[in-house]
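Position 1 is the first residue of the sequence, and the numbers go up from there.
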Amino acid sequence: MASTPPSRRNFLALAGLTTLSVSMTAACGAGASGGRASADGKVTFEWWNIATTEPGKSLFPQIATAFTTAHPNVAINTTSLENEAFKSKLTATTSSGKLPDVFQTWGGGVLQQQVDAGLVEDLTDLLDWSSQLTPVSLQAYQFGGRTYGVPYDIGMVGFWYNKKLFAKAGITTPPSTWAEFLDDVRKLKAAGTTPIALAGKEKWPGHYYWAYLAMRVAGLPALEKAATTKDFTGAGFVQAGVHLKELVDLQPFQTAFLGAGYATPGGQAATMGNSEAAMELMGQWGPSVQKDAGADLGADLGFFPFPTVDGGVGQATEVFGGGGGFALRKGAPKEALDFLKFFVLENESKLLASNGYLPVVKGAESRLTDANKRVVAGSLGKATGFQLFLDQAYPPAVGQEVNDSVADLIAGKKTPEQVTASITEAAKSA
């Protein structure tokens, strides 16, 4: 999950040149890319999201319509873009200092850089309802004790697997260690089954493997330390690449995976949903996209956490993932925040009923009806540590290098050592 951002220096320079104009237009009631009030009191604001697949593709417009029906003085101009297209467009818009009024965010270093540039509204004193949200769902949007985003989904990445294909290969229990996982990959191949579906073209799904292996080998403190020291060349990070290469050498992915997208026809989600692969490493949204791009595996679908690594310091209860949220540009109309409250609090039951999202409202987990979603929510609830997606947790240039270098390792173009050296170089120059 990353885009191709400008360097931090150029980003802040560009943003710094436009921050004053953003503030001035906001004070006059007109937004940099929307958020304007007409003479008759009608307020129009821009909303950018990534709801291009079900259930969001249908649900998000329904929620927006319900809001504007209840608030006839408000109009919402919606832009829905596929993940990578969204990030590319937002990066270009951010560089010009013109964010949309309401925009999709995963928080972390990407949002913090936008905050540092003075482009994002500080919501801390405006969210008198934030106590109704779970602390873990808010975490990615908070910096220095201040809150800059509102979550609507939270979850974790893990392995979604096809129980029928596992049984065909003689696998009765999901693996709990990396060694067992590799053995199961071999069993699946021996049974004539493609073990893993991967969207090699989009890169962000591949970084999940390296990130989780770094967590399992080096531990969460090592990732946190690297963010400060800007040094990813430690033995634990190199070993993460070594273990990933062990998997790659088994040739576990579908044919032509390097050119495959995620939610596209014939891509990772469709390959999984159509029972053409036994596993995919994906977040809580995985089953919904499988169904939308391919087919619904129903009772044949299961979930298991990323395995531990023998000799590693990371624990199985330390999870990697994140959720979706929205932030407001500096000076966005108050109606935009009213919309977020409506979206999150008044529509939580609809979000959960769609089986595409996990709860961010305290106590709402009891409303989950899907067995696999309950497993994910339960794992998240018992988590002893949490790591946001690396391409969002770190500054954009660093996250992009993680994605690019890991993709090169998977394609056989970089060694584990070269991966850590490239990420370190990007971190030190960011």
Side-chain angles (χ1 to χ4, degrees), residues 1-2 106-109 112 135-136 139-140 142-143 154-159 174-182 204-248 281-283 303-323 376 378-395 398-399 401-403 405-406 409-410 415-428 430:
M1 306 186 111
W106 294 270
Q112 183 163 18
V136 69
Q139 182 179 313
Q142 296 176 322
F143 316 108
I154 184 65
M156 60 178 282
V157 171
F159 279 103
S176 59
T177 69
W178 186 247
E180 292 174 357
F181 177 78
L182 296 180
W204 58 266
H207 111 273
Y208 290 172
Y209 288 87
W210 187 85
Y212 246 133
L213 285 166
M215 284 175 59
R216 295 295 189 252
V217 176
L220 280 176
L223 285 166
E224 295 166 358
K225 181 180 179 181
T228 301
T229 63
K230 305 182 186 303
D231 186 354
F232 292 82
T233 59
F237 294 114
V238 174
Q239 191 61 32
V242 170
H243 284 308
L244 178 51
K245 189 174 185 304
E246 291 173 348
L247 174 63
V248 172
L281 183 61
M282 192 48 60
F303 178 88
F304 64 90
F306 196 92
T308 57
V309 175
D310 291 339
V313 300
Q315 305 297 312
T317 51
E318 294 171 342
V319 304
F320 169 81
V376 176
S379 297
L380 189 62
K382 293 180 288 188
T384 57
F386 185 84
Q387 172 62 54
L388 182 66
F389 309 116
L390 296 190
D391 57 359
Q392 297 299 315
Y394 299 140
V398 182
E401 189 56 50
V402 171
N403 284 349
S405 286
V406 172
L409 187 152
I410 292 173
T415 66
E417 292 81 6
Q418 288 172 329
V419 169
T420 59
S422 294
I423 297 171
T424 297
E425 182 180 354
K428 289 186 180 300

- [ ] For this output row, return yes or no: ring centroids of Trp178 and Phe306 closer than 6.0 angstrom.
- [x] yes
Task: Thr177 side-chain N/O to Thr308 backbone N/O, donor-acceptor pair under 3.5 Å - done: no
Open item on the list: Within the 4.5 Å heavy-atom criterion, are Pro395 and Val398 side-chain neighbours or not?
Closed with: yes
- [ ] Apply side chain to side chain contact (heavy atoms under 4.5 Å, CB included) to Ala393 and list each qualifying residue two or more places apart in sequence or on a separate chain.
- [x] Gln387, Leu388
Task: Heavy-atom check, side chain of Phe232 versus side chain of Tyr394, under 4.5 Å - done: yes
Task: Heavy-atom check, side chain of Thr233 versus side chain of Val238, under 4.5 Å - done: no
Task: Least distance between heavy atoms, Phe237 atom then Asp231 atom - done: CE1-O, 4.4 Å
Task: Minimal non-hydrogen separation, Tyr212 against Val157, with atom names - done: OH-O, 2.8 Å
Task: Residues in side chain to side chain contact (heavy atoms under 4.5 Å, CB included) contact with Ser176, at least two apart in sequence or another chain - done: Glu180
Task: Ser422: side chain to side chain contact (heavy atoms under 4.5 Å, CB included) partners, not counting sequence neighbours - done: Glu401, Ser405, Lys414
Check: residues 218-228 side-chain donor-acceptor pairs under 3.5 Å, at least two apart:
none

Task: Pairwise distance CE(Met215) to CZ(Phe386) - rounded to 0.5 angstrom - done: 9.0 Å
Open item on the list: Give me the atom names and distance for the closest heavy-atom approach of Gly206 to Ile410.
Closed with: CA-CD1, 4.0 Å
Open item on the list: To the nearest 0.5 Å, what is the distance between CG on Asn403 and CG on Asp391?
Closed with: 4.5 Å
TODO: Could you tell me whether the side chain of Arg216 and the main chain of Pro307 form a donor-acceptor pair under 3.5 Å?
DONE: yes
- [ ] Measure the spacing between NZ of Lys428 and CD of Glu425 and express it to the nearest 0.5 Å.
- [x] 11.0 Å
- [ ] Side-chain contact test, heavy atoms from C-beta onward, threshold under 4.5 Å: evaluate it for Pro205 versus Leu281 and give yes or no.
- [x] no
Can you give me every donor-acceptor pair (side chain of residues 315-323, partner residue at least two apart or in another chain, under 3.5 Å) with its distance?
residue	atom	partner	partner atom	Å
Gln315	NE2	Val313	O	3.3
Thr317	OG1	Thr384	OG1	2.7
Glu318	OE1	Gln315	N	3.1

Task: Flag side-chain contact, heavy atom, 4.5 Å: Val309 against His243 - done: yes
TODO: Would you check if the side chain of Tyr208 reaches a backbone N or O of Gly283 as a donor-acceptor pair within less than 3.5 Å?
DONE: no
Open item on the list: On a heavy-atom basis, which atom in Phe143 and which in Gly108 lie closest, and how many Å separate them?
Closed with: CZ-O, 3.3 Å
Task: Ile154 versus Val136, closest heavy-atom pair with distance - done: CD1-O, 4.2 Å
Open item on the list: How long is the straight-line distance from CH2 of Trp210 back to CG of Leu244, given to the nearest 0.5 Å?
Closed with: 10.0 Å
- [ ] Check ring pair (Phe, Tyr, Trp, His ring centres under 6.0 Å) between Phe304 and all other residues, then give those that pass, not counting sequence neighbours.
- [x] Phe159, Tyr161
Open item on the list: Once rounded to the nearest 0.5 Å, what's the spacing between atom CZ of Phe303 and atom CE of Met156?
Closed with: 4.0 Å
Open item on the list: Using only atom types and a distance under 3.5 Å, with no angle test, would you say the side chain of His207 pairs donor to acceptor with the backbone of Trp204?
Closed with: yes
